[in-house]
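Along the sequence shown, residues are numbered consecutively beginning with 1.
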Amino acid sequence: MDASRKMKVAVVTGAGSGIGRAVAAELLRTGWSVALAGRRTEPLEETAALVPDGACLVVRTDVSQPDEVTALFTAVRDRFGRLDLLFNNAGTFGPGGVPFEELPYDAWRHVVDTNLNGAFLCAQAAFRQMKEQDPRGGRIINNGSVSAHTPRPHSAPYTATKHALTGLTKALSLDGRAYGIAVGQIDIGNAATGMTAGMRTGALQANGEIAPEPVMDVADVARTVRHMAELPLEANVQFATVLATGMPYVGRG
């Protein structure tokens, strides 16, 4: 491992499970220093234990709370001195199977606060730090989902926030140019995590039927994120779509 890679510092939100855990572990195994952020300390510590010799920092963080996001990035600066990558991953699908006309406002607001407002707060904190540090610059990768392109039934909050993340990605990609900040997005479909466990037995389709869907190894997502992260700042994967090959997404299913 070369010295320059060992000095790379990342923040991964939603690092206590699923895609966040897989990405954090992949980065730790390949020499990154990683701040693990999430709402509960115990799952974050379980992620850290996957790579016992990794350089990591556990910070309990609710990304929807501005003061907690500020504390996260202050802790990263105090511990590691700089920030090279934010993987903006924390998110929630919201209540499943609820028709739009029956969706409670509190449920809508929770998804928006986590998926969109949380991504904004973390990106803003990272942007500020990357702009001011020496050497200047860094990379932000937003976790968009294939729902940033195509919805599932009864998914208005999740789909709306993921479409909004695409706009945020494009805007920050433009605004970051002057400061050496590269911003991209990974849109993931059917990675095998706790969130997608039910898809193997049956998921609601657009025609109203319930059908099982294929999934892919979450490790393939993690390797894709690391590839995006380790490009020189002169190069950027603006959008990447990584999905289970046979999932009903392309064309008519």
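Linking ILVMFWY residues whenever their side-chain heavy atoms come closer than 4.5 Å, directly or via other members, places Val11 and Leu165 in the same cluster. By the criterion of side-chain heavy atoms lying less than 4.5 angstrom apart, applied directly or through intervening Ile, Leu, Val, Met, Phe, Trp or Tyr residues, Ile141 is grouped together with Val237 in one hydrophobic cluster. Hydrophobic clustering, with ILVMFWY side chains joined whenever heavy atoms are under 4.5 angstrom apart, keeps Ile186 apart from Val215. Hydrophobic clustering (side-chain heavy atoms under 4.5 Å, transitive across Ile, Leu, Val, Met, Phe, Trp, Tyr) groups Met130 together with Tyr179. Residues Ile19 and Leu116 are members of separate hydrophobic clusters, defined by side-chain heavy-atom contacts under 4.5 angstrom among Ile, Leu, Val, Met, Phe, Trp and Tyr.
More than 12 heavy atoms of other residues, nucleotides or ligands sit less than 6.0 Å from atom CD of Gln238.
Residues Met247 and Asn190 share a closest heavy-atom pair of CE-OD1, 3.4 Å. In plain terms, the two heavy atoms of Ala126 and Leu86 that are nearest each other are CB-CD2, 3.9 Å.
Listed for the His163 side chain is a donor-acceptor partner under 3.5 Å among the backbone atoms of Thr159. A donor-acceptor pair is defined here as one N or O able to donate and one able to accept, closer than 3.5 Å; no such pair exists between the side chain of Asp113 and the backbone of Ser64. When atom types are taken as modelled, the side chain of Asp62 and the backbone of Arg39 share no donor-acceptor pair closer than 3.5 angstrom. Asn207 contributes a side-chain N or O that, together with a main-chain N or O of Glu209, makes up a donor-acceptor pair within less than 3.5 Å.
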| task | Apply the test side-chain contact (heavy atoms from CB on, under 4.5 Å) to residues Leu231 and Arg139: give CA-CA distance (whole Å), side-chain angles for both, the deciding distance (0.1 Å), then the verdict. | result | CA-CA 9 Å; Leu231 289 171; Arg139 190 179 305 275; 3.7 Å; yes
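Phe87 is not listed as a side-chain neighbour of Leu27, based on a closest heavy-atom distance of 4.5 Å or more. Using a 4.5 Å heavy-atom threshold, the side chains of Glu26 and Val225 count as separate.
With sequence neighbours excluded, the residues that form a side-chain hydrogen bond (donor to acceptor under 3.5 Å, both in side chains) with Arg223 are Asp220.
One finds a salt bridge joining Glu213 and Arg152 here, because a Lys/Arg side-chain nitrogen approaches an Asp/Glu carboxylate oxygen to under 4.0 Å. Glu46 has a carboxylate O that lies under 4.0 Å from a charged side-chain N of Arg21, or vice versa, which qualifies the two as a salt bridge.
Residue pairs meeting the side-chain hydrogen bond (donor to acceptor under 3.5 Å, both in side chains) criterion with at least one partner in residues 65-76, sequence neighbours excluded, are Arg60-Glu68.
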